[in-house]
Amino acid sequence: MIPQPETGIPTAGSGETTLGDHVLGQLRRFGATVGLSEADTALYGQVLLDSLSGAARRPLSLPPASPSFISDDHTPVEFSLACTADAAPVLRVLVEPGYGHSNMADSARAGLEAIRAMAARWDFATDQLDALEDLFFPASAEGPLALWYALDLRAGGVPGVKVYLNPSAAGPEHAARTVREALRRLGYDKGFAKLPPGAGYPFVALDLGTWKTPRVKVYVSHPRMSADDACALSGTSGSVEADVRYFFHAAAGSFLQPEGDTEDTLRLLRRPALTCHSFTEGDADPSGFTLHIPVRDYVRDDEEAFARATALLTRFGMDPSALGRGLRALTRRQLGDGAGLIAYLALVYERNRQPRITAYLSSEAYAVRPPQEQYAQDELQYLQDELSAS
Ligand code: TRP
């Protein structure tokens, strides 16, 4: 292997599959299923590779270069498919551009460079990001991320760009203050007061580049969420309560219920659900609401997750076949042989827009999580323990 100058990351010798080969193959195949041209996919692929710099040339036979929080197996790339009833699905890709750096300050620097390169290439402003630098990139930044970006891979070679930042960069104890101050600087003085209570703020995100209505988004984490909680959290965003409830149950599964209890006190006891609250056009009230269910923790395997996604898409009037094609573009494994290819299912409401369902899909460059045979038994045990304790 030849040491790679910028990062010291070894380059693969001939014949070894690299991280770059793996994700580029996925992008090319997935792009074709949603009708992106080869030229567009090649351009987006190049941007992705450039932003990973040396890490893209690292062979997959080596462990991940750093423990990326994007995916459970630490692949620094995740795909997603956003579906609506009235338009073709959109492929997006989430990337950790500072992947492979050993500390968050270096990772942040690499991330900012990647965003500035995109801003120069596609001619968009980064003022909003610049205004937050001291908040999200302190010298001794903490993880689990410094900066991620996502691209909406649109036809024509100009993507929608989103940037994700870590409110806990200066320590989790400062996350709330950081979110409040970020909202204030971006023109949403009263925004923080409109956020629901939660256990933490995993991300703040900015839409940069060309968007009809660019959003500022705050993600909130909700351990032990119930369907009632989900409905209460959706607030004033134009969401339909029955749809939120249906989505919650269909995504999380209607698995086990303690006897005599009602269905809607079922709670997500494993990985917490997230909500996302968006702000647009200076309006103090949130313009949108998203419910993210980490479906991978609530299924035996991806066959079950895919069945849930298919049922949901169908019920919301969306075509489920695109998701099936996307999954086949990502992997040749049987869906029943692992859990986690479908990482999250999300229901997205945005003012004046059709609701959307997004499936977040793992690259699985490094590992496939085995099916969770124990899942049902664990859940039952937990509920029995809860009942006998009460
Ligand atoms: N892997 C992290 C998680 O599971 C972060 C993450 C990646 C995420 N993609 C996501 C969170 C999509 C919400 C939605 O939480």
Side-chain angles (χ1 to χ4, degrees), residues 23 26 48 64 66-83 90-99 104 107 111 142-152 162-169 172 175 198-205 207 215 217-225 230 233 247-248 251-252 268-278 288-299 302 305 308-309 312 323 326 330 338-350 356-369 372:
V23 296
Q26 291 177 320
L48 193 166
S66 63
S68 177
F69 179 54
I70 284 197
S71 341
D72 294 349
D73 74 340
H74 305 310
T75 309
V77 173
E78 182 184 73
F79 296 90
S80 59
L81 191 67
C83 303
V90 177
L91 172 61
R92 301 105 53 92
V93 64
L94 174 68
V95 182
E96 173 158 36
Y99 175 69
M104 286 296 146
S107 178
E142 293 176 28
L145 74 147
L147 181 155
W148 295 343
Y149 71 83
L151 302 179
D152 267 36
K162 294 173 274 194
V163 177
Y164 297 81
L165 305 170
N166 175 18
S168 296
Y201 304 95
F203 317 104
V204 161
D207 289 344
R215 300 158 302 172
K217 294 183 288 183
V218 180
Y219 291 75
V220 184
S221 152
H222 306 278
R224 302 177 57 86
M225 180 192 272
L233 290 162
F247 181 87
F248 180 93
L268 296 177
L269 301 175
R270 295 193 163 196
R271 192 184 303 267
L274 304 180
T275 57
C276 172
H277 307 268
S278 66
F289 165 80
T290 303
L291 175 61
H292 291 276
I293 305 282
V295 60
R296 66 192 185 282
D297 277 24
Y298 299 91
V299 289
D302 283 300
R308 293 198 196 159
L312 276 170
L323 178 60
L330 292 181
L341 184 62
I342 306 182
Y344 275 91
L345 291 173
L347 175 62
V348 188
Y349 290 100
E350 194 64 46
R356 200 161 76 208
I357 289 180
T358 303
Y360 291 84
L361 308 173
S362 304
S363 169
E364 296 187 336
Y366 294 106
V368 174
R369 196 215 284 182
Q372 312 178 92

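Please read all numbers here as calculations on a predicted model, not as lab measurements. Every number for a ligand or one of its atoms is a count from 1 in the order of the listing.
Under the 4.0 Å criterion applied to side-chain N and carboxylate O atoms, Arg308 and Asp302 are not assigned as salt-bridge partners. Residues Asp73 and Arg369 are not paired through a salt bridge, judged by the lack of any N-O separation under 4.0 Å between the basic side chain and the carboxylate. Using a 4.0 Å cut-off between charged side-chain N and carboxylate O, Asp297 and Arg270 make no salt bridge.
With hydrogens and angles left out, the side-chain atoms of Ser278 and Glu350 include a donor and acceptor closer than 3.5 Å.
In this structure a side-chain-to-backbone donor-acceptor pair under 3.5 Å is present from Gln26 to Ser363.
Side-chain rings of His292 and Tyr360 approach one another, their centers coming within less than 6.0 Å.
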Under 3.5 Å, N/O to N/O: give me all the pairs between ligand 1 and the protein, one per line with atom names and distance.
from: ligand 1; atom 1: 1 (N); to: Phe69; atom 2: O; distance (Å): 2.8
from: ligand 1; atom 1: 1 (N); to: Ile70; atom 2: O; distance (Å): 3.0
from: ligand 1; atom 1: 4 (O); to: Arg296; atom 2: NH2; distance (Å): 2.6
from: ligand 1; atom 1: 4 (O); to: Tyr344; atom 2: OH; distance (Å): 3.3
from: ligand 1; atom 1: 9 (N); to: Glu78; atom 2: OE1; distance (Å): 2.7
from: ligand 1; atom 1: 9 (N); to: Glu78; atom 2: OE2; distance (Å): 3.3
from: ligand 1; atom 1: 15 (O); to: Tyr344; atom 2: OH; distance (Å): 2.8

